Participant: 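Let me begin by handing over the structure; questions about it come next.
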Amino acid sequence: VDQRAENRQMLHEAWWALDRYFYQPGHHGVDWKSVRDRYDALLEFVPYKPDFYELLGEMVSELRASHLGTNIPWEFLSDLYSMGGTLGIE
């Protein structure tokens, strides 16, 4: 799987869904097409999935809608949590 192509497709599909179905047709005054272009240009700098999901969350937050957000799938979070230290208790 070409990770970068997959990330680009996922970003474009998320952008498309919000472009079509966001509850406020004017996107809170945000130039949503320019947001897509800006974040599309940043994709080359986020080859790893956790970084990509962070970037996707930042793009979504451009709409300034407090009820809107993204989550990183557990399969990517588990690796991040395993890198941290623990107190030695379970």
Side-chain angles (χ1 to χ4, degrees):
V1 174
D2 181 346
Q3 193 74 24
R4 291 178 190 265
E6 183 181 62
N7 289 349
R8 176 162 277 109
Q9 179 178 346
M10 290 171 63
L11 183 111
H12 287 196
E13 288 180 12
W15 179 90
W16 178 88
L18 287 166
D19 185 50
R20 299 308 186 277
Y21 301 112
F22 189 62
Y23 78 95
Q24 206 277 327
H27 297 91
H28 292 170
V30 173
D31 181 352
W32 191 231
K33 288 184 176 145
S34 76
V35 168
R36 179 197 56 208
D37 295 341
R38 279 188 293 129
Y39 283 87
D40 190 60
L42 295 173
L43 283 171
E44 68 181 279
F45 302 108
V46 290
Y48 305 109
K49 280 295 186 207
D51 298 328
F52 166 75
Y53 284 111
E54 185 70 29
L55 182 73
L56 183 63
E58 289 179 21
M59 181 185 81
V60 168
S61 72
E62 295 267 351
L63 291 171
R64 298 185 301 266
S66 62
H67 63 279
L68 193 59
T70 61
N71 290 317
I72 297 175
W74 177 251
E75 63 200 68
F76 301 110
L77 277 179
S78 61
D79 289 339
L80 294 175
Y81 285 127
S82 67
M83 294 186 308
T86 61
L87 296 174
I89 53 177
E90 294 184 33

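The figures here come from the full heavy-atom set of this structure, side chains too, leaving out hydrogens, waters and symmetry mates. Residue numbers start at 1 and run along the sequence shown. Everything quoted here is computed from the prediction, not taken from an experiment.
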Participant: Listed by chain and number, what are the ring-ring contact (aromatic ring centres under 6.0 Å, His included) partners of Phe22, not counting sequence neighbours?
Facilitator: His27, His28
Participant: Name all residues meeting the ring-ring contact (aromatic ring centres under 6.0 Å, His included) criterion together with Phe45; count only those two or more places apart in sequence or in a different chain, and write none if there are none.
Facilitator: none
Participant: Mind checking what makes side chain to side chain donor-acceptor pair (under 3.5 Å) contact with Glu54, not counting sequence neighbours?
Facilitator: none
Participant: Sorted by first residue and then second, give each salt bridge (charged side-chain N to carboxylate O under 4.0 Å, His left out) pair with at least one member in residues 15-27; sequence neighbours left out.
Facilitator: none
Participant: Looking at Ala14 and Leu56, what are the two nearest heavy atoms and their distance?
Facilitator: CB-CD1, 3.7 Å
Participant: With sequence neighbours left out, write down each residue that passes side chain to side chain donor-acceptor pair (under 3.5 Å) with Tyr48, or none if nothing qualifies.
Facilitator: none
Participant: Under the rule for side chain to side chain donor-acceptor pair (under 3.5 Å), what residues qualify as partners of Glu44, not counting sequence neighbours?
Facilitator: none
Participant: Only counting residues at least two apart or in another chain, list the ones meeting salt bridge (Lys or Arg N to Asp or Glu O under 4.0 Å) with Arg8.
Facilitator: Asp40
Participant: Measure the spacing between CG of Leu55 and OG1 of Thr70 and express it to the nearest 0.5 Å.
Facilitator: 9.5 Å
Participant: For Glu6, what residues pass the salt bridge (Lys or Arg N to Asp or Glu O under 4.0 Å) criterion, not counting sequence neighbours?
Facilitator: Lys49
Participant: Return the minimal non-hydrogen interatomic distance between Asn7 and Pro47, and the atom names on each side.
Facilitator: ND2-O, 4.1 Å
Participant: For Asp37, enumerate each residue passing the side chain to side chain contact (heavy atoms under 4.5 Å, CB included) test, keeping only those at least two apart in sequence or located in another chain.
Facilitator: none
Participant: Apply side chain to side chain donor-acceptor pair (under 3.5 Å) to Arg64 and list each qualifying residue two or more places apart in sequence or on a separate chain.
Facilitator: none
Participant: Enumerate the residue pairs fulfilling salt bridge (charged side-chain N to carboxylate O under 4.0 Å, His left out) with a member in residues 24-34, sequence neighbours excluded, ordered by first and then second residue.
Facilitator: none
Participant: Name all residues meeting the side chain to side chain contact (heavy atoms under 4.5 Å, CB included) criterion together with Val35; count only those two or more places apart in sequence or in a different chain, and write none if there are none.
Facilitator: Val30, Trp32, Arg38, Tyr39, Met59, Glu62
Participant: If you compare all heavy atoms of Leu11 against all heavy atoms of Phe52, which two are closest, and at what distance to 0.1 Å?
Facilitator: N-CZ, 3.9 Å
